[in-house]
Amino acid sequence: MIIQEESGMNFVFEPGKMYSIEKDTFNNRITSKCGAKICDFIVYKDNKLHFVEAKSSAPRDKEELYSYTEEISQKFYDSLLVYIGVLFDRKNTASNNISPQMKNRKYLAGTIKFVLVIKGIPKSGLQDIKNVFEKAMRKFACLFSIEPPVIIMNDEQAKSKGWIE
Amino acid sequence: MIHNATIQNLANLHEVKLKNLAPINVIIGENDSGKTMILKALYVLSKSVEEFGRGNDNRSIKEIVADKLYWTFQCDQLGDLVSKDQDNHLKLEAEIDDQHMMLSFSKSAKNTVSTVTEHVYHREENSIFFPAKEVLSLFNVIKKSRAIDKEFGFDDTYYDLVLALEKSTQQGKNFRNFTESKKLLEKLINGNIEYKDGKWLFKKGKMKISIYSTAEGIKKISILDRLLTNRYITPGSIIYIDEPESALHPKAIVEFLDILSLLSKNNIQIFMATHSFFVLKKLLLIARKENMSIPVFSIVKDKVEYSNLNEGMPDNPIVDTSIELYEEELDLDI
């Protein structure tokens with residue numbers, strides 16, 4: 001198994017089933033040139049393609065929560081588009097750092113999930129955050145047939161689902 | 001204002017201690033856990049002190065208490081209210097304003113209580129109880145059933161509310177403290193109710209609509225508006241609300257709670273029993289925004305757990321169910 005640390009949590013993956021999109025060499029180029037925002041990684045797990053962002057906290061203030069939602073949802077959208085560029089070897093996103101398994105174009109035709117894992121947040125606070133995210137992400141999720149628009153869990157739930165150790 | 005209260009051996013409630021009560025107080029618990037019983041017990045205590053010595057009523061406090069218990073709980077004999085598995089007396093007591101009120105009786109009590117605080121003085125302000133169901137469309141039925149036929153069916157929380165609503169509106173300015181609350185109430189329902197020739201009508205601009213064709217939620221909110229207008233509710237009043245959420249859309253619940261919060265700042269004490277996550281959540285926000293204490297008494301398996309919304313959302317069955325649903329959804333999604 002491969003372990004990757006993000007936001008103070010150790011994520012566990014099967015070898016070859018994770019693509020560290022945020023750390024790919026083209027990342028600096030596309031963030032400065034295209035203004036793209038990229039999520040932490042993409043993982044193929046349980047026959048589903050997951051775009052994952054890990055956070056060490058979530059804001060309580062309303063305005064800050066809206067900015068937080070906008071930033072993270074933008075990361076999911078851009079990462080999906082960049083991943084399409086990677087699979088099709090588009091000039092700005094051609095990659096030598098992706099495993100052959102993760103370059104399987106069929107994954108795009110299957111189930112896609114956007115997953116946000118927030119460390120330390122109480123379970124009772126998750127629904128409110130999810131409501132804000134779902135409202136913001138509904139249109140994009142609808143266009144790509146992503147249902148629900150986002151999955152949000154805390155570190156305890158991620159651990160019980162075998163996502164982190 | 002009720003500062004503290006204790007309920008012992010009332011039906012399934014063996015001992016409930018309500019300490020450090022505040023302008024807004026919340027009781028939560030599953031169905032049949034005893035939430036309404038607690039509200040009714042407090043109502044009996046405060047209402048009895050208010051009825052004592054009112055006008056020409058020369059009944060003793062013992063007679064008033066027994067009468068109020070009988071018609072509020074509607075049991076064949078008062079002893080039926082005592083916990084079945086307890087040999088001890090049922091005991092209700094509270095610190096109301098600056099007086100101590102206590103009553104108790106045993107399983108064998110028929111229509112009298114054995115002990116009541118001796119030195120009670122009349123409380124001028126009115127308590128009022130809002131049952132979960134609205135009363136306007138059953139107005140005449142409730143009056144007939146309780147006042148003429150003297151039958152069980154609608155208990156005194158309904159009957160007292162009907163009598164309070166009947167009180168005519170008065171000329172002159174309303175209490176200045178309630179102006180903002182009344183404005184918000186009328187904005188929320190876009191009208192008000194009027195009692196004319198023995199019938200209730202809902203007035204919306206120039207339109208008058210039969211109360212039977214008026215939405216349940218509108219009727220519920222109109223009741224509070226009417227009681228502020230006819231000055232049955234005054235500073236010092238105590239309002240008991242059973243399930244404020246019933247018949248109200250979440251948006252209306254939120255606005256209704258803002259109005260109750262305003263009233264609570266004007267020396268009105270509120271007790272409410274709820275099942276609603278929206279109610280708890282909104283009260284949590286009020287507690288944080290206003291930096292106010294909102295005690296929550298959670299009944300879990302005949303025991304009462306105390307928490308305060310100004311310290312965050314407490315562990316409780318309503319939130320637990322919300323989390324369980326979230327986790328059920330997570331299991332499906334991931």
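In the text below, chain A, chain B and the rest are named by the order of the sequence lines, each starting its count at 1.
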For the residue pair A:Phe114 and A:Phe133, is the inter-centroid distance of their aromatic rings smaller than 6.0 Å?
no

As a quick check of understanding, evaluate salt bridge (charged side-chain N to carboxylate O under 4.0 Å, His left out) for A:Lys130 and B:Glu329, giving each step before the final call.
CA-CA 12 Å; A:Lys130 191 165 190 262; B:Glu329 188 185 19; 3.1 Å; yes

Heavy-atom distances under 4.5 Å only: say whether A:Gln127 touches chain B with side chain, backbone, both or neither.
both

Name the region of A:Leu126, side chain, backbone, both or neither, that has any atom closer than 4.5 Å to a heavy atom of chain B.
both

With a 4.5 Å limit on heavy-atom distance, are the side chains of B:Ile38 and B:Leu18 in contact?
yes

Interface moiety of B:Ile323 toward chain A, non-hydrogen atoms closer than 4.5 Å:
side chain

Closest-packed option against chain A by number of heavy-atom pairs under 4.5 Å, given B:Val319, B:Ile334, B:Leu330:
B:Ile334

Can you tell which part of A:Lys45 gets under 4.5 Å to a heavy atom of chain B, answering side chain, backbone, both or neither?
neither

Heavy-atom pairs under 4.5 Å with chain B are the metric here; pick the option from A:His50, A:Arg60, A:Glu147 that has the most.
A:Arg60

Contact between A:Lys33 and A:Asn92 at the side-chain level, heavy atoms closer than 4.5 Å - yes or no?
yes

To the nearest 0.5 Å, how far apart are OG in B:Ser237 and CD1 in B:Ile128?
8.5 Å

Heavy-atom cut-off 4.5 Å, strictly under: side chain, backbone, both or neither for B:Asp331 against chain A?
both

Most contact-rich option vs chain A, by heavy-atom pairs under 4.5 angstrom, among B:Glu327, B:Lys281, B:Met313, is B:Glu327

Check each atom of A:Lys123 against the heavy atoms of chain B and say whether the ones under 4.5 Å are side chain, backbone, both or neither.
both

Rounded to the nearest 0.5 angstrom, the OG1-CD1 distance for B:Thr36 and B:Ile27 is 8.5 Å

